There are 2 protein chains.
Amino acid sequence: MSDNNAPTTAQRIHDSALTLFASYGYEGTSLSQLAEAVGIRKPSLYNHIDSKEGLFMDLVEEVERAFFDELDRSVESHADAPVETRVLALVSDLSRFMLQADKGTFHKRYLLFPPRPLLAEVRQITARSEARIDVALRCFYAQGIEEQLWHTLTEREFLDAFYVLVDGLFTERFLYSVDEYDRRVASVWPIFWAGLQR
Amino acid sequence: MSDNNAPTTAQRIHDSALTLFASYGYEGTSLSQLAEAVGIRKPSLYNHIDSKEGLFMDLVEEVERAFFDELDRSVESHADAPVETRVLALVSDLSRFMLQADKGTFHKRYLLFPPRPLLAEVRQITARSEARIDVALRCFYAQGIEEQLWHTLTEREFLDAFYVLVDGLFTERFLYSVDEYDRRVASVWPIFWAGLQR
DNA sequence: TTCGCAAACGAACGACTGTTAGTCTAGCAG
DNA sequence: CTGCTAGACTAACAGTCGTTCGTTTGCGAA
């Protein structure tokens with residue numbers, strides 16, 4: 001067994017596919033394109049993948065699992081902190097995830113505009129994360145009550161506001177640099193947090 | 001000249017294309033699909049369009065112009081109102097635009113993930129609206145100063161917060177009904193507005 | 001050395017892509 | 001009635017799509 005760490009062909013296919021799907025979308029990426037990026041011929045791809053659909057779904061599963069883990073880790077790791085810390089940590093951690101060049105873009109793409117024939121499969125995979133966020137947020141809201149943070153805020157309002165915040169942050173209508181993004185979070189978080197406690 | 005108001009073939013192509021591009025994307029929509037939706041054969045499309053790209057760009061131009069007009073109208077029509085009214089009106093008007101089933105989805109799609117070969121052309125068309133929003137927001141911020149509304153808020157923060165709000169609202173991670181959407185706006189707006197004046 | 005196997009290959013598949021050319025027909029203008 | 005034209009048609013184009021087949025190559029194990 002050779003212990004060099006040069007990337008295997010399978011890994012290079014995986015990485016190139018993620019990049020291409022992220023920038024060109026599923027239908028906008030052809031296997032010829034992918035093969036060229038990897039540096040092999042198109043039919044050779046099939047020594048490593050089952051089908052284009054299978055490749056795509058594998059990537060969706062992997063990225064979604066990474067997203068879920070990041071989410072879960074963030075919620076668990078500040079379990080004893082005040083709610084303000086926990087919510088801000090969640091925003092920051094998810095932001096960091098979304099800022100990963102290919103993973104973040106790919107994630108947003110299949111969340112918002114999955115390839116139509118794969119819509120059902122994709123939604124089934126993303127459902128777990130959605131549910132996890134919901135649970136975490138309800139927990140945060142309850143903790144906020146114990147801390148007597150909210151004055152008029154309902155749980156529904158808290159959930160809506162949080163989703164608007166993160167979806168808004170993650171929507172890069174322009175191409176942000178990381179610095180610009182951090183500035184945006186720093187700008188908007190205090191406004192958001194003050195609003196919740198109105 | 002007949003004065004019946006049955007839709008012309010050109011209009012039916014236009015409408016069907018908008019629907020298909022919105023749900024399947026540019027690369028995900030074929031001319032066969034479009035022709036079938038219209039009820040004619042694929043080559044007959046070319047009596048009314050120049051090319052698939054041309055059809056797409058025409059739709060982009062039209063929808064973007066509609067977006068710009070809605071934007072402009074909203075800003076102008078409340079020119080003498082207090083800034084809170086004006087900002088809320090802008091959010092509501094843009095929301096109403098984005099809620100139009102096909103136009104809204106199509107708009108978000110080409111804004112976030114335009115077909116790669118047309119990226120430059122699309123960006124050139126959307127630039128006008130971006131600039132218009134920026135001007136309006138700076139104007140609103142200045143008006144807020146006159147009204148002594150802001151306490152610590154900078155212009156940069158105001159812009160960032162506004163963009164996060166509307167982008168967040170327009171990101172339908174789930175498929176909202178119109179009622180649900182209105183509820184979301186009603187939930188989040190007071191939080192957002194209170195935060196701005198903190 | 002030989003065997004087996006993973007992996008890359010060229011050739012080709014049928015289906016479909018966007019697009020063009022040429023033909024036919026229905027309806028309006030003269 | 002005649003002629004023009006807009007618009008739909010069939011047929012076919014060259015090219016690309018995702019995918020399969022059978023073969024070859026190179027390397028590690030026996």
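Every chain is numbered from 1, with letters handed out A, B, ... down the list of sequences. Keep in mind the model is a prediction, meaning the values are calculated, not measured. What you see below is based on every heavy atom in this structure, not just the backbone, and it leaves out hydrogens, waters and symmetry mates.
A ring-centre distance under 6.0 Å is found for B:Phe56 and B:Phe106. Close placement of the A:Phe97 and A:His107 rings is indicated, their centers lying within 6.0 Å of each other.
For the ring-ring contact (aromatic ring centres under 6.0 Å, His included) with A:Tyr26, the lone residue among A:Phe21, A:Tyr110, A:Phe113 that qualifies is A:Phe21.
Going from atom CG of B:Leu20 over to atom P of C:dT17 covers 12 Å, rounded to whole Å. For A:Glu27 and C:dC16, the CD to C1' distance is 15 Å, given to the nearest whole Å.
Rounded to 10°, the helix from C:dG14-D:dC17 to C:dG30-D:dC1 has 20° between the axis fitted to its first five pairs and the one fitted to its last five.
Across all strands, A:Thr8 comes closer than 4.0 Å to no nucleic acid atom at all (heavy-atom distances).
Ionic pairing of B:Asp179 and B:Arg183 is not present here: no N-O contact between side-chain nitrogen and carboxylate oxygen is shorter than 4.0 angstrom.
For the 3.5 Å distance criterion, the side chains of A:Thr171 and B:Asp167 fail to qualify, holding no donor opposite an acceptor.
The stretch residues 30-62 of chain A comes close to DNA chain C through A:Ile40, A:Arg41, A:Pro43, A:Ser44, A:Asn47, A:His48, each having a heavy atom under 4.0 Å from the strand.
Seen from the ring of B:Phe67, B:Lys103 does not count as a face-on cation partner, given the 6.0 Å and 45° thresholds.
Under a hydrophobic-cluster definition in which Ile, Leu, Val, Met, Phe, Trp and Tyr are linked whenever side-chain heavy atoms come within less than 4.5 Å, directly or via other members, B:Phe140 and B:Ile145 are assigned to the same cluster.
Counted within 6.0 Å of CZ on A:Arg73, heavy atoms from surrounding residues, nucleotides or ligands total more than 12; the atom is thus considered enclosed.
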